[in-house]
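Take a look at the structure set out below.
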Amino acid sequence: MTFHGISPDIRAALERVLGQSGVAADPTSMAKYLADWSGDHHGSALAVLKPASVAEVQAAVRLCGTLGLAMIPQGGNTGLVAGAIDIGTTPGAVVISLERLNRIRSVDADNFTLQADAGCILQHIKDVADDQDCLFPLALGAQGSCQIGGNAASNAGGVNVLRYGMARDLIVGLEVVLPDGDLWSGFSGLRKDNRGYDLKQLFIGAEGTLGIITGVEVKLSPKPGQIETAYLGLPSFESAIALFRQARRGCSDLISAFEIIGSECMELARLADPTIVAPVDAPVHVLIELSSSAAVELRSLLVDFLAGVMERHLVADAVLAESGAQAKAFWAIREGLVEGQARRGYHVRTDLSVRISDIPTLIAQARGFVALEHPGWISQAYGHAGDGNIHFNVLPPLDLAEADARARGVAITARLYDIVTALGGSVSAEHGIGRTRQRVYWTGMSPVHRRLVSTLKNAIDPAGLMNPGCLFPVTETCS
C-alpha cells in the first residue's frame, strides 16, 4: 500500500524527523511546490519536506541518504529553468523547501553585512537593510517571492549587476548542509580572507547539486542619497551600445542600471498595465539610472551628459524623471513587459550573454533568423545591456495551437543557442541551467571542463542524490 507514491513507513520516518507539519505528501498540499512561476513546467515528488531549522535540514538529508531518496532543494520556486522541480528526470525524489527557514539572523551596519536564513524573501532583506540606512542591491522582478538561498544557489543577476555584480559578488559567506548531512559554515564577516580555496564559490551557482544552502551572509552598501533616472529614445541598438560606452566613461561607476528595450516590447507592457505610455517614440528605448550616496551633483552630471550625446545625435529623445513617481513609472515599463509576456501565454524565453560590443549583432542575427524561418512569430529584445545580457524572446502567432507552438519553440530555442554560441557567448546569463538547459550545457563543454565538474560533483555528492538531473545528466553524477 502506498500514499500518493510514498510508503507509509517512509512517510512515518520523515514525520519523526520533521513532524507532521514538516511533511506534505498529498497532491493538494504539494501542488504549489511542483509548478514553476512561468507555468511552463510541472513536476512530481514523493513528498515535500519543510524543515523548520538547520538541524532539521541536516536530519532530513541524513535520513534521505539512508533511504536512497533523491533530494531537490527549493527556495521561492521562481526559477525559469526547472532547477527546483522534477520534470521527469528524477523519479522518486523529495523536494526540500527552505521556506520555514526565514529568519534575519543579524545586521551589522557598521561592517555593512547582514546574515539571514536561506528562506528569507529577498524583499525582506532589502527592507531590513533599508531600515539600517543601507542598501542590498540585488534587484529582481521576483524579489517579492524569491529567497536569498535560491539567489545564491542560482547566482542571480538582475538590474544592478553593472554596478554591484552578480549574487556571488554580494555574498560574504555561506552555511551549507552537505550531502552526508554535515554542516559547513563559511561565515566570518571578512571582506578579505585569502586562506586557500574559497569554498563558498563552489556552492554559489551550483543550483543545489552539491548541498543545501541554509544561511547566507551578504554585503551591504551605503544607501544612495540621490537617484536620477532618464528614459531615452535611440535609432538603433548600435546607437544604444555606443551610448553605453560614452555613459560608462562620462558617468563612471555612478551608473547603477542601463537597460535596453526594443520598441516592439511596449505592446506587452500594456498587457500588464493598459495605462502605460512610452515616454519616447523611437525604435530602441534605454533606461539609465545613476545613484550616489555622496555629495555629488548627480542631476547636473546626467543633464550635461545627455545634452552632449543629443548634440552628437546619438540620442533622439530623452525624458529625465522629475520625481520618484515618474522614475517608478519608467521602471514599470521594464517590469511590465515581462508580466505581459506571461499573460500572453507560451513563448520562447532565452537568457543570452555576449560581449557588450556583440549585442547589436546578436539581436540582428536572431531577428533575421526568426523573420526568415518563422514568419508570423514576433521577436522581443530587451535586457541588461550594460553587462551583455539580452533576453531575446519570441512570441508565437495567437492563432497557433499551444502544442504546435511548443514544438516549434524547441527548434527556435536551439537555433538561438547556436547563434549566441557562434558569437562566443553563453546560453545562460543569469537564470542558470536547471534541467531545461542541461543538455546544451553539458554537450557544449570541453572534455577537460566536463572532467573537472564531474570530479567535483562526484567527490562531494558520491551517491548522486543531491538534485540529480539538474546541471548534470543523471548518468554522469555518480560514475
Side-chain angles (χ1 to χ4, degrees), residues 37-39 78 80 122-123 126 139-146 157-162 227-237 239-240 243-244 247 255-291 302 306 310 315-351 359 363 367 370 377-386 389-398 430:
W37 170 85
S38 70
T78 60
L80 296 170
L122 174 57
Q123 185 63 58
K126 294 172 71 69
L140 314 171
Q143 63 193 31
S145 52
C146 65
V159 299
N160 289 331
V161 170
L162 173 61
I227 299 176
E228 296 293 344
T229 309
Y231 200 103
L232 317 177
L234 290 88
S236 66
F237 287 106
S239 298
L243 173 68
F244 173 72
I255 304 177
S256 51
F258 190 96
E259 299 284 305
I260 61 173
I261 305 169
S263 59
E264 70 277 2
C265 297
M266 289 304 304
E267 183 178 344
L268 290 172
R270 294 189 188 100
L271 283 180
D273 182 356
T275 67
I276 282 179
V277 177
V280 298
D281 181 13
V284 177
H285 301 185
V286 167
L287 184 56
I288 183 172
E289 180 182 276
L290 274 59
S291 62
L302 183 56
L306 292 177
M310 292 186 76
V315 174
D317 196 4
V319 180
L320 191 62
E322 298 294 337
S323 65
Q326 189 174 19
K328 186 176 180 180
F330 292 169
W331 279 106
I333 295 172
R334 174 63 177 84
E335 295 160 2
L337 68 90
V338 177
E339 182 181 344
Q341 287 175 110
R343 291 190 179 192
R344 190 182 187 274
Y346 166 76
H347 57 280
V348 172
R349 180 188 297 107
T350 69
D351 170 38
I359 286 175
I363 294 174
R367 280 179 165 178
V370 172
W377 288 64
I378 305 170
S379 296
Q380 306 280 311
Y382 62 94
H384 321 305
N389 179 187
I390 294 298
H391 300 292
F392 191 91
N393 298 346
V394 192
L395 312 179
L398 288 172
E430 60 183 359

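- When side chains are defined from C-beta on, N393 counts as touching T350, because their heavy atoms get closer than 4.5 Å.
- Between H347 and L268 the shortest side-chain heavy-atom distance does not fall below 4.5 Å.
- Ring orientation note: the planes of H391 and Y382 are tilted relative to one another, at an angle of 30° to 60°.
- Side-chain contact between D351 and R349 is absent, with no heavy-atom pair separated by less than 4.5 Å.
- At most 12 non-hydrogen atoms from other residues, nucleotides or ligands lie less than 6.0 angstrom from CG of D281.
- Contacts of T275 classified as side chain to side chain donor-acceptor pair (under 3.5 Å), with partners at least two apart in sequence or in another chain: D273.
- Remark: E259 engages R334 in a salt bridge (Lys or Arg N to Asp or Glu O under 4.0 Å) (not counting sequence neighbours).
- Under the 4.5 Å side-chain criterion, counting only non-hydrogen atoms from C-beta, H384 is in contact with E430.
- For A139, the side-chain contact (heavy atoms from CB on, under 4.5 Å) partners are K126, Q143, V159, N160, not counting sequence neighbours.
- Put simply, CG on L234 and OG on S236 are 7.5 Å apart, with the number rounded to the nearest 0.5 Å.
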>> side chain to side chain contact (heavy atoms under 4.5 Å, CB included), that's the test. Do T229 and W331 meet it? Break it down for me.
In response: CA-CA 9 Å; T229 309; W331 279 106; 4.1 Å; yes

> So L287 and I333, side chain to side chain contact (heavy atoms under 4.5 Å, CB included) or not? Walk me through it.
Replying inline: CA-CA 10 Å; L287 184 56; I333 295 172; over 6 Å; no

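- Here the OG-CD1 distance, from S379 to I363, works out to 10.0 Å after rounding to the nearest 0.5 Å.
- Listed by first then second residue, pairs satisfying salt bridge (Lys or Arg N to Asp or Glu O under 4.0 Å) with a partner in residues 319-330 read R299-E322, not counting sequence neighbours.
- Between A381 and C265, the shortest heavy-atom contact is O-SG, 3.8 Å.
- Between the CD atom in E335 and the CG atom in L140 there is a gap of 11.0 Å [rounded to 0.5 Å].
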> So L162 and F244, side chain to side chain contact (heavy atoms under 4.5 Å, CB included) or not? Walk me through it.
Replying inline: CA-CA 11 Å; L162 173 61; F244 173 72; 3.9 Å; yes

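- Checked against side-chain contact (heavy atoms from CB on, under 4.5 Å), R270 has the following partners two or more places apart in sequence or in another chain: M266, I276, A278.
- Using a 4.5 Å heavy-atom threshold, the side chains of V370 and F392 count as touching.
- Atom CD of Q326 is surrounded by more than 12 heavy atoms from other residues, nucleotides or ligands within 6.0 Å.
- Every residue two or more places apart in sequence or in another chain that forms a salt bridge (Lys or Arg N to Asp or Glu O under 4.0 Å) with R343 is listed here: E339.
- Taking all atoms of both residues into account, the shortest heavy-atom contact from A282 to S263 is O-CB, 3.3 Å.
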> Where do V161 and N389 land on the side chain to side chain contact (heavy atoms under 4.5 Å, CB included) test, with the steps shown first?
Replying inline: CA-CA 10 Å; V161 170; N389 179 187; over 6 Å; no

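- We find the CG-CG distance between L320 and L302 to be 5.5 Å, quoted to the nearest 0.5 Å.
- In this pair, Y231 and F330 present their aromatic rings tilted. The plane angle is within the 30 to 60° band.
- The distance from the NE2 atom of H285 to the CG atom of L337 is 11.0 Å, given to the nearest 0.5 Å.
- A distance of 11.5 Å separates CD1 of I260 from OG of S239, quoted to the nearest 0.5 Å.
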